[in-house]
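The structure appears below as structure tokens.
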Number of protein chains: 2
Amino acid sequence: MKTLEDLSNELKRKNIRLTHQRLKILEYLSNSKTHPTVEEIYHALKNEVPSLSKTTIYNTLNYLSELKLIKTLIVDDNEARFDAVTGSHGHFKCDECGKIYDFDLNTEAFDTEYLDDFKVNEKIVYFKGICPGCLSKI
Amino acid sequence: MKTLEDLSNELKRKNIRLTHQRLKILEYLSNSKTHPTVEEIYHALKNEVPSLSKTTIYNTLNYLSELKLIKTLIVDDNEARFDAVTGSHGHFKCDECGKIYDFDLNTEAFDTEYLDDFKVNEKIVYFKGICPGCLSKI
DNA sequence: TTATTAGTTTGTAATCATTACAAGGTAGAA
DNA sequence: TTCTACCTTGTAATGATTACAAACTAATAA
């Protein structure tokens, strides 16, 4: 659970201008485990930050993503999801309920010779299937 | 290099109605190594199949994708890409030139305990970075 | 071959996420 | 406190994808 103060220091350290909106968005994202969409962030925060605009959320998330402070998740819906970076992990999406789970992952395990001459900056692993909860219902 | 006849038999075997459009789209996809977008397929085929509509391309690709005959690629652009299924492989996208490379992949290598109770149907692996060609230019 | 029908194609219009833009607002340095 | 570069905001534009309905056609059976 990251506090506004934690986040505030984090931004200061990286020379990112502190704004109320950025802090709130980042706070929400850091304390969320659901990989929210822009829409979800917007609805969650608009009471607390009534002036908040979706454009600001897009701007903020894109900016923080460029700076590698957060990650943009790739899912097969047509909506971007966002993830406060915590370390190497994979995502599992349940085709039944749509929920996204994180799982630990040893990214060394799948290096391949073919990529020896490539500079790999990011490794994205994404599984699909059915989660235990949905399996038990079928 | 798959011929129209090969593909024709493939569809027949799966009880998929044979139409000129489907065969042409699938032929193009099967013989392409570039993971084309709908736009690219459309431009590539519209001379040969003048009546072709983008909606048909979407319909066809979505349908074949449901039937697991092709795969919809997840990339971080906002355009779907498609892949004639050939077996387990990963994708590497060059952040410099945008080109997408395939590489062989042993998907067994990254099973994790956490997912023991999950039914995993699909494993998507997607690397990003810079390809050898672009590395040499920098 | 012809007739029939369920499934397919097509163009247009609608939808929906995302971005462009310009005007007004604000963080942070001096 | 002032100043300026950077942010935020609302609206309008963009662009991929889907909905829809009318016209068409593959495949089956007579």
Side-chain angles (χ1 to χ4, degrees), chain A residues 4-5 7-28 35-43 45-67 69-70 72-82 98, chain B residues 4-5 7-28 35-43 45-67 69-70 72-82 98:
Chain A
L4 276 181
E5 207 187 327
L7 294 165
S8 192
N9 290 329
E10 213 168 315
L11 295 190
K12 265 184 200 153
R13 211 178 316 124
K14 298 224 179 193
N15 277 318
I16 299 167
R17 202 163 204 164
L18 290 173
T19 68
H20 186 52
Q21 291 85 338
R22 282 181 182 170
L23 285 170
K24 280 303 191 180
I25 293 168
L26 201 46
E27 180 192 41
Y28 181 78
H35 309 298
T37 61
V38 165
E39 200 61 33
E40 283 161 16
I41 298 173
Y42 180 69
H43 281 108
L45 294 181
K46 75 176 171 186
N47 282 326
E48 219 179 333
V49 190
S51 79
L52 188 64
S53 149
K54 273 189 204 170
T55 304
T56 299
I57 302 178
Y58 278 107
N59 287 342
T60 299
L61 294 174
N62 287 341
Y63 182 51
L64 296 178
S65 197
E66 270 172 37
L67 297 175
L69 253 159
I70 64 174
T72 303
L73 273 205
I74 297 165
V75 268
D76 51 359
D77 304 320
N78 45 354
E79 250 184 329
R81 292 180 170 274
F82 297 88
Chain B
L4 276 181
E5 208 187 327
L7 295 166
S8 193
N9 291 329
E10 214 168 314
L11 295 189
K12 264 186 203 152
R13 213 178 315 126
K14 299 225 177 192
N15 277 318
I16 300 167
R17 200 155 195 169
L18 290 174
T19 68
H20 186 50
Q21 292 86 337
R22 283 182 181 169
L23 284 171
K24 278 305 190 178
I25 292 167
L26 199 48
E27 180 192 41
Y28 181 78
H35 308 298
T37 62
V38 166
E39 199 61 33
E40 282 161 17
I41 298 172
Y42 180 69
H43 280 108
L45 294 181
K46 75 174 173 188
N47 282 326
E48 221 178 332
V49 190
S51 79
L52 188 63
S53 148
K54 273 188 204 172
T55 302
T56 299
I57 301 178
Y58 279 107
N59 288 342
T60 299
L61 295 174
N62 288 339
Y63 182 52
L64 296 177
S65 197
E66 271 171 37
L67 297 175
L69 253 159
I70 64 173
T72 302
L73 273 204
I74 297 167
V75 269
D76 52 358
D77 304 320
N78 46 351
E79 250 184 328
R81 291 178 170 275
F82 297 88

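Protein chains get the first letters and strands the later ones, always in sequence-line order, with residue 1 at the start of each.
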Given atom [atom1] of [X] and atom [atom2] of [N], what is their separation to the nearest angstrom?
X: B/Leu23; N: D/dT25; atom1: CG; atom2: P; value: 15 Å
X: A/Asn15; N: D/dC6; atom1: CG; atom2: C1'; value: 14 Å
X: B/Lys24; N: C/dT10; atom1: NZ; atom2: P; value: 14 Å
X: B/Leu26; N: C/dT8; atom1: CG; atom2: P; value: 14 Å
X: A/Lys46; N: D/dT9; atom1: NZ; atom2: P; value: 14 Å
X: A/Leu11; N: D/dC6; atom1: CG; atom2: C1'; value: 15 Å

Terminal helix-axis angle for the helix from C/dT1-D/dA30 to C/dA30-D/dT1, with five pairs defining each axis and rounding to 10 degrees: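 Comparing the axis at each end, I get an angle of 40°.
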Residues which pass side-chain hydrogen bond (donor to acceptor under 3.5 Å, both in side chains) with [X], listed by chain and number, not counting sequence neighbours:
X: A/Lys12; result: none
X: B/Lys46; result: none
X: B/Thr72; result: B/Ser65
X: B/Glu79; result: none

Residues in side-chain contact (heavy atoms from CB on, under 4.5 Å) contact with [X], at least two apart in sequence or another chain:
X: A/Leu4; answer: A/Leu23, A/Lys24, A/Glu27
X: B/Ile74; answer: A/Ile74, A/Asp76, A/Tyr126, B/Ile124
X: A/Glu40; answer: A/Pro36, A/Thr37, A/Arg81

Sequence-distant partners of A/Lys54, salt bridge (Lys or Arg N to Asp or Glu O under 4.0 Å), two or more places apart: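 Here the qualifying residues are A/Glu39.
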Heavy-atom protein contacts under 4.0 Å, nucleotides 24-30 of chain C, coded B base, S sugar-phosphate only, - none: ---BS--
Sugar-phosphate or base contact per nucleotide [nucleotides 11-21 of chain C; S, B, -; heavy atom under 4.0 Å]: BB----SBBB-
Pairs where residues 58-67 of chain A contributes a residue and the test salt bridge (charged side-chain N to carboxylate O under 4.0 Å, His left out) is met, not counting sequence neighbours: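 Salt bridge (charged side-chain N to carboxylate O under 4.0 Å, His left out) check on residues 58-67 of chain A returns no pairs.
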B/Val38 and B/Phe82, any side-chain heavy atoms less than 4.5 Å apart: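 In contact.
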Side chains of A/Ile57 and A/Leu45 in contact at under 4.5 Å (non-hydrogen atoms):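 A side-chain contact under 4.5 Å is absent here.
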side-chain N/O B/Gln21 vs D/dT25 OP1/OP2, d < 4.0 Å: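 No.
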